Every structure is written in C-alpha cells, then in structure tokens.
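Throughout, a chain's letter reflects where its sequence line sits, starting with A, and its residues are numbered from 1. Since we're looking at a predicted model, the values are computed, not measured. Side chains are part of it too, since the values below use all heavy atoms of this structure and drop only hydrogens, waters and symmetry mates.
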Number of protein chains: 2
Amino acid sequence: MTLPDAPPRWRATCAYDGTDFDGWQSQPSGNAIQDVIEVRLSTIFKRTVRIHGSGRTDAGVHAKGQVFHFDASWPHEPTKLLAALRVGLPPTILVERIERVSPDFHARFSATGKRYVYRIVQTAASPFATRFVLGRSGFQRLDTAAMRTAAMVLRGRHDFRAFAAENGAELEDPVRDLQRLEVEEGNDHVTLVFEANGFLYKMARSLTGALIAVGEGRLSPEDVRHILESNRRTETVETAPARGLCLEEVFYAGGDT
Amino acid sequence: MTLPDAPPRWRATCAYDGTDFDGWQSQPSGNAIQDVIEVRLSTIFKRTVRIHGSGRTDAGVHAKGQVFHFDASWPHEPTKLLAALRVGLPPTILVERIERVSPDFHARFSATGKRYVYRIVQTAASPFATRFVLGRSGFQRLDTAAMRTAAMVLRGRHDFRAFAAENGAELEDPVRDLQRLEVEEGNDHVTLVFEANGFLYKMARSLTGALIAVGEGRLSPEDVRHILESNRRTETVETAPARGLCLEEVFYAGGDT
C-alpha cells in the first residue's frame, strides 16, 4: 500500500471590506473571512478545506492584498478554480488571483513583511468612504509636522511591546523592524503607511493611535520616544478604530507577492 | 392679533450611500433618507420639520448632490445648524452644506435639471466599490461603440415613456430633454452620464438597461430607436440595478447648485 501524493498547494490573494465580518481568523460565529472562504472551498472540493492566512486582521479591518494558501487537487484549469471560488462569495470578499505554488510555500511563514495603510480624513468622511477611513469632523486639524517627527522616532528596529495589545501571548519576540512609516498628507487626507517584517497584535492601530495623539498635541514626539523605550503598554496609547486600517500587501522573497 | 412671519427657508445639499435605505421618499418603515433627516431636524427644532427634496431616488440609489429645503427659525450661525444636523445622522448620510435661501426657492420646482451617473465595471467589482457600481464579472465585455451609437439616438427632446416605469402616474407630460448622454470608457470601467431637464420615474435605470443590452448585442441601436418611437414600455427594456446609479447634481437657475 502506497501513500497518495500530497495534493498541490495553492496561493490566493484576496481583498475584503472587513466591516461586516468578525475579522480574518475563524470564529465560532462562522462569520470570519476565513470561515466564509473555507465554506466556499469545501463546497467546491466536496470536503473540508482549511486555509492558512498570512496573519489575522481584526474585526472591521480591511485588506487589498491578504494572502492565504491551501492544499487541494484540482483537475481543471486554475482560472476555473478562481471562477468557482468567486461564485458564492459575498461581494465584500474578492479573490483576486490564485496560482499553484511549491509545497514549501507557506502564507504566514514565507512572508518577509507586510504593508498596512491607515486612512484619516480631517473632515466628515464621505458616505462612500465612511467604511474605509477615520473621519475627524469637528476635531482640530492634525499637526502632521509633529507626527512626522514622531514617525522618525518609531521607524527602525525596536521592541514594540509598548504598541501591542496587552494580552499579547505572541510576545516571546517583541522586536520588529519598522522599515517604513510615512505620514502622507493631501487636501483633507492624512495617510499613514507602515511597512515592517512583521506586526505585533494591534501594532498598526496602536502606532496610529499614538501618532493621532501627537497630531492633536496630546503627546509630544519625545513622549512617544519614552513610551517606546518603556517596553510597556499603557493607557496613554489608544488603539485607533479598525475602520481606517487596510492590509495592503504581503511581501514574499522573490518579489512575487 | 398679527400672524407671525414665515420662518426662513433653508437649502441643504447632501450625499448618501443608498444601499441600506428604502429610497429618498418617506416610507412607513421610517427608513427612507427623508425620514432619517426629518427625525434629526425635528429633534434639533423640537417640532415636526418636513423637508422637500429635488425628487425621489429609489431604494439603493445613491446621491452626491441631492438638494432639499425646509422652513425653520434658527437664531444661531448657519454653520452651527450644519454641525447640529450632521451630529446624529448615520455616516451613510452626509449633509454637505446648508444656506439660507429666498422663500420662493423650492428644491423640486426651482430645479432646472439633474445629472445622474451610472457606473459599471467590466470585471468583478472591488469589495470597496461593490455598493456603488454594477460589476460584470463573467459577462462579455460591453461594445461601447454600439452603445455610443444608441446614445446618439436617445439624446435630445423626446417622449421617454418607453423608458419609464409602467405605472407612471406622473406621465401627463412624458417629454424630457436629455441634453447629455455620454458613454465614457476607462480600463475596466464604463460610466454613463445623463443630464436632462427632468427624469421620468426609473428613466435613468431604464436607459441604462437598454444601453447595456446594446453593449451585449441583444439590442441594436436601431432597435433602441424603434423602442423610443413606440412610446410604450415593454419587457424588452430592463431596469438596471439600483446600486450603480448616483444622483450627482441638481441644477438651479443662476448656477448656484
């Protein structure tokens, strides 16, 4: 008796509006994005299919380029698998592409980094954008010069525990390399761009909360330095609302994201 | 005993994501956009305030520049009325501006025309745009050259009964001047721009349905001419889904929209 060959591995890239879901990671509610995609794949393959994401996104957080992998035998063209996967998913989840990859590819462990973007508008958010931005109608305008100074403090390789969720079980290694942190400003928009080799739980939203506090004058860039160096999460740092955050891209070696 | 002066008249411009509402016009459900705004105004003014829109939009149809008026005494700065009106409205309705106008201004009767836009994508709609466009994943690409030829047939002053809802009680005068009808194409987008002195009930969506049928080759531009000249609505003309339609602007004499 010979063991069957392992089924081929597939990598998929998807976008979603996270507003109406309980985050990426499978939940008892069945309403996580992972759940919804697994149900669809299990229907297609007529067996339980588990998917493995590059990492979780919280409830209400969006993605333009979330990556996941799964193993399954598909005797037809890959484009037909993509078409089958799209049918039956809600319009708020779109699988952008799917491709066969080497069995040693792993959506999470092969990832070399990620880009998150946090979108803020200094006015009331348009009804067409309100699910995807943090609107600041009625608040003072953000001091983006101060925010850029604070961003310089945060950029680079640091222990980021002070900007992670307090119950971080994953904090055996809280050091991350924040290679990029930009404060981009346009008319009424302020956009924060984060690129790191990895993010601690709620790190992007906690950094955003601190930068908004700096923009409002409630914290100084020097305060941010003290917080970073304290290695302790305190109530001084607020976690910004999920709605403005989007996982834009997951990076893999070889550049084939 | 003297009669009190009539309270001042206010003109407001608002945008909304129509997805989760039962259209503009007041409904028993209380979930029409008009209902939601009236409840808010009645709270502000501590009495029932009725608003008068430039016209109704159907359930699921959006607006960037819907205009309404109402009469009310406001002893403070107009900017404070705008701020009060914004607070307490859902984020899917945004009052963009408000201004005091002459008592002979009427949102509906003073309007000289309107612009509607219908947005189509030739692929699957992005999760971030899906509430606001018609996605055509899995369908053949639209023949926009044929659509432009049909648009030439439709442009101008015509009896548009063949492109109105069949139960049109308003059809005492079914002649409208469709001054502009553009078929704009970009990468995967097809955008239809309609400007007319007025629109019959469901006219923009019915014209869109006919143009999509032309783009798919199910109708020829010559068929569209025959339908227009028949002055009768038939099942040949389908009403395009609400999600892609947006009331972009209402025009008033003097250009102060």
field: Distance (rounded to the nearest 0.5 Å) between B/Arg50 CZ and B/Arg47 CZ
entry: 10.5 Å
field: Choice from A/Val87, A/Thr92, A/Thr123 maximising heavy atom contacts with chain B below 4.5 Å
entry: A/Thr92
task: Please flag which part of A/Ala15 lies under 4.5 Å from any non-hydrogen atom of chain B: side chain, backbone, both or neither.
output: both
- request: Answer yes when A/Arg131 and B/Asp17 have at least one side-chain N-carboxylate O distance shorter than 4.0 Å, and no when they do not.
  value: no
query: How long is the span from the CD atom in B/Gln34 to the SG atom in B/Cys14, to the nearest 0.5 Å?
result: 10.5 Å
query: For A/Thr19, is it the side chain, the backbone, both, or neither that has a heavy atom closer than 4.5 Å to a heavy atom of chain B?
result: neither
Structural part of A/Phe128 lying under 4.5 Å from a heavy atom of chain B: both
message: Ring of B/Phe105, cation from B/Arg100 - is the NZ or CZ under 6.0 Å from the centre and inside 45° of the axis?
response: no
- prompt: Is it the side chain or the backbone of B/Ala83 that comes within 4.5 Å of chain A heavy atoms, both, or neither?
  reply: neither
Proximal component of B/Ala63, with respect to chain A [non-hydrogen, under 4.5 Å]: backbone
- prompt: Is A/Arg205 close enough and on-axis enough to A/Tyr116, meaning under 6.0 Å and within 45°, for cation-pi?
  reply: no
